[in-house]
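Just so it is clear, the model here is predicted, and its values are computed rather than measured. Each chain gets a letter, A, B and so on, in the order its sequence line appears, and its residues count up from 1.
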Amino acid sequence: MTLITQEFCDRPVEQVARALIGATLCRRSREGLTSGVIVETEAYLPEGDSAAHSFIGPNRKNASMFGPPCRAYVYTIHARQCVNVVTEAQGIGCAVLIRALEPLGGRALMEVRRGTDVLRDLCRGPARLTEALGIGRDLDGWPIDRGTRLWIDIPDDPPAIDVTVTPRIGVTSAEEMPLRFVVAGSSYVSGTRRQNTPIA
DNA sequence: CTACCGATTGACT
DNA sequence: GTCAATCGGTAGA
């Protein structure tokens with residue numbers, strides 16, 4: 001495993017979203033180390049994507065989306081947190097939303113944070129995984145290529161993974177573009193059977 | 001200051 | 001499958 005790099009993130013956002021499948025998201029806090037394998041992502045485009053938080057232009061909330069690539073963009077929704085990886089060059093304004101993990105390390109701590117011992121429910125959903133890993137707004141803008149607090153490891157020899165591409169979940173304000181990437185058949189991804197079926 | 005709403009979740013039929 | 005709770009951020013008066 002090798003730390004993610006700025007070069008990795010400074011590519012078209014759909015490409016990065018696909019490439020992040022199979023990578024490991026890691027979080028070290030005072031309470032301990034927690035981690036999981038990324039099994040579901042969504043791309044939010046820089047232009048013409050009315051569902052992207054960057055669509056209305058830079059403001060205080062989405063500022064890190066317009067910052068350098070390879071940093072975290074953490075936002076609040078429905079009193080919960082979601083985490084993204086900022087992609088492409090600084091000033092562009094696009095990111096990859098991490099939507100689900102297969103739990104890896106620190107399972108006991110994740111169970112306490114989530115209030116359940118059901119493995120499948122620990123990290124299945126964008127706000128669930130941030131709760132399980134203890135990711136808050138304090139990590140908004142954090143560089144994820146340094147291996148401290150919050151980072152991503154990329155496998156050196158990525159195994160071939162069968163990835164299904166579908167429309168994004170919960171997006172109402174944009175066309176249903178195929179921008180969601182899930183590990184085919186994984187039980188750790190969010191969404192219904194139908195939502196995880198490739199578009200015909 | 002109040003009003004509104006969402007890249008969601010969990011409880012329920 | 002349906003539906004409402006949730007609350008911080010933002011817009012507007």
Side-chain angles (χ1 to χ4, degrees), chain A residues 9 12-14 16-18 20-21 25 36 38-67 69 71-88 92-103 110-142 144 150 152 164-183 187-197 199:
Chain A
C9 300
V13 61
E14 304 103 302
V16 179
R18 169 60 183 83
L20 281 173
I21 298 292
L25 180 66
I38 298 171
V39 294
E40 178 179 354
T41 60
E42 279 176 3
Y44 285 83
L45 307 181
E47 283 174 21
D49 185 0
S50 58
H53 289 169
S54 55
F55 186 71
I56 54 173
N59 57 36
R60 191 165 70 241
K61 187 173 91 170
N62 65 21
S64 46
M65 260 185 107
F66 291 91
R71 295 202 183 178
Y73 165 49
V74 181
Y75 69 89
T76 306
I77 185 165
H78 287 67
R80 294 167 169 90
Q81 317 290 128
C82 300
V83 65
N84 299 246
V85 175
V86 177
T87 65
E88 304 195 28
I92 301 287
C94 54
V96 174
L97 171 67
I98 312 289
R99 283 195 56 94
L101 306 176
E102 179 175 335
M110 293 196 276
E111 289 176 355
V112 171
R113 284 174 173 156
R114 290 275 302 120
T116 177
D117 60 359
V118 179
L119 181 63
R120 199 168 102 91
D121 288 342
L122 293 181
C123 301
R124 193 183 40 138
R128 288 172 172 156
L129 71 91
T130 56
E131 185 176 34
L133 300 208
I135 297 171
R137 283 288 299 273
D138 56 319
L139 287 166
D140 185 39
W142 187 260
I144 57 169
L150 178 68
I152 290 178
T164 300
V165 186
T166 78
R168 295 174 294 187
I169 301 270
V171 170
T172 53
S173 53
E175 293 295 316
E176 294 206 346
M177 295 176 282
L179 294 172
R180 173 171 173 261
F181 301 82
V182 299
V183 175
S187 59
Y188 296 102
V189 303
S190 69
T192 62
R193 169 81 151 273
R194 178 184 165 74
Q195 287 171 318
N196 291 320
T197 303
I199 32 196

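Ranking dG8(C), dT8(B), dA7(B) by closeness to the L97(A) side chain, first place goes to dA7(B). Checking dG10(B), dA5(C), dG9(C) against the side-chain heavy atoms of R114(A) singles out dG10(B) as nearest.
Taking every heavy atom of both residues into account, S54(A) and L45(A) meet most closely at OG-O, 4.1 Å.
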message = Test side chain to side chain donor-acceptor pair (under 3.5 Å) on S190(A) and E40(A); report intermediate values, then the result.
response = CA-CA 8 Å; S190(A) 69; E40(A) 178 179 354; 2.8 Å; yes

query = side chain to side chain donor-acceptor pair (under 3.5 Å) between N84(A) and R71(A): does it pass, once the steps are laid out?
reply = CA-CA 8 Å; N84(A) 299 246; R71(A) 295 202 183 178; over 6 Å; no

query = For S64(A) and D140(A), what are the C-alpha separation, side-chain angles and deciding distance, and is it a side chain to side chain donor-acceptor pair (under 3.5 Å)?
reply = CA-CA 7 Å; S64(A) 46; D140(A) 185 39; 2.7 Å; yes

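Between the side-chain ring of Y75(A) and the base of dA7(B), no stacking contact exists by the 5.5 Å and 30° definition.
Residues passing the salt bridge (Lys or Arg N to Asp or Glu O under 4.0 Å) test with R114(A) are E131(A), sequence neighbours excluded. Qualifying ring pair (Phe, Tyr, Trp, His ring centres under 6.0 Å) partners for Y75(A), counting only residues two or more places apart in sequence or in other chains: H53(A), Y73(A). Every residue was checked against the salt bridge (Lys or Arg N to Asp or Glu O under 4.0 Å) condition with E102(A), not counting sequence neighbours, and none meets it.
Distance Q81(A) CD to dG6(B) C1': 13 Å, rounded to the nearest Å. Residue R99(A) contributes atom CZ, which lies 11 Å from atom P of dA7(B) at whole-angstrom precision. Rounded to whole Å, the distance from CD1 on I169(A) to P on dA7(B) is 13 Å. Here the C1' atom of nucleotide dA7(B) and the OH atom of Y44(A) are 4 Å apart, to the nearest Å. Separating the CD atom of E42(A) from the C1' atom of dT8(B) is a distance of 12 Å, rounded to the nearest angstrom. As rounded to whole Å, 15 Å separates atom P of dG9(C) from atom NE2 of H78(A). One can place CZ of R193(A) at 15 Å from C1' of dG1(C), the figure rounded to the nearest angstrom. Rounded to whole Å, atom P of dG1(C) lies 8 Å from atom CD of Q195(A).
Each of I152(A), I144(A), V85(A) was scored for a side chain to side chain contact (heavy atoms under 4.5 Å, CB included) with L25(A), with one residue passing: I152(A).
Proximity of R194(A) to the phosphate of dG1(C): no side-chain N or O atom is located under 4.0 Å from OP1 or OP2. Phosphate contact (OP1/OP2 of dA7(B), side-chain N/O of H53(A), threshold under 4.0 Å): present. Under 4.0 angstrom from either OP1 or OP2 of dG9(C) there lies at least one side-chain N or O belonging to R137(A).
In this structure, D49(A) pairs ionically with R168(A), as a charged nitrogen and a carboxylate oxygen lie closer than 4.0 Å. Salt-bridge annotation for R99(A) and E42(A): present, with a side-chain N of the basic residue lying under 4.0 Å from a carboxylate O of the acidic one.
Taking a pair as Watson-Crick or G-U wobble with both distances under 3.5 Å, DNA chain C forms stems of 3 or more consecutive pairs at B:1-6 with C:7-12, B:8-12 with C:1-5.
Atom CZ of R128(A) sits about 9.0 Å away from atom CZ of R120(A), to the nearest 0.5 Å.
Across all strands shown, T192(A) has heavy atoms under 4.0 Å from sugar-phosphate atoms exclusively, and none from any base.
Not a single donor-acceptor pair under 3.5 Å links the side chain of E88(A) to the backbone N or O of C94(A).
Within residues 117-126 of chain A, the residues that have a heavy atom under 4.0 Å from DNA chain B are, in order of number, G125(A), P126(A). Within a heavy-atom distance below 4.0 Å of DNA chain B, the residues of residues 59-66 of chain A found are M65(A).
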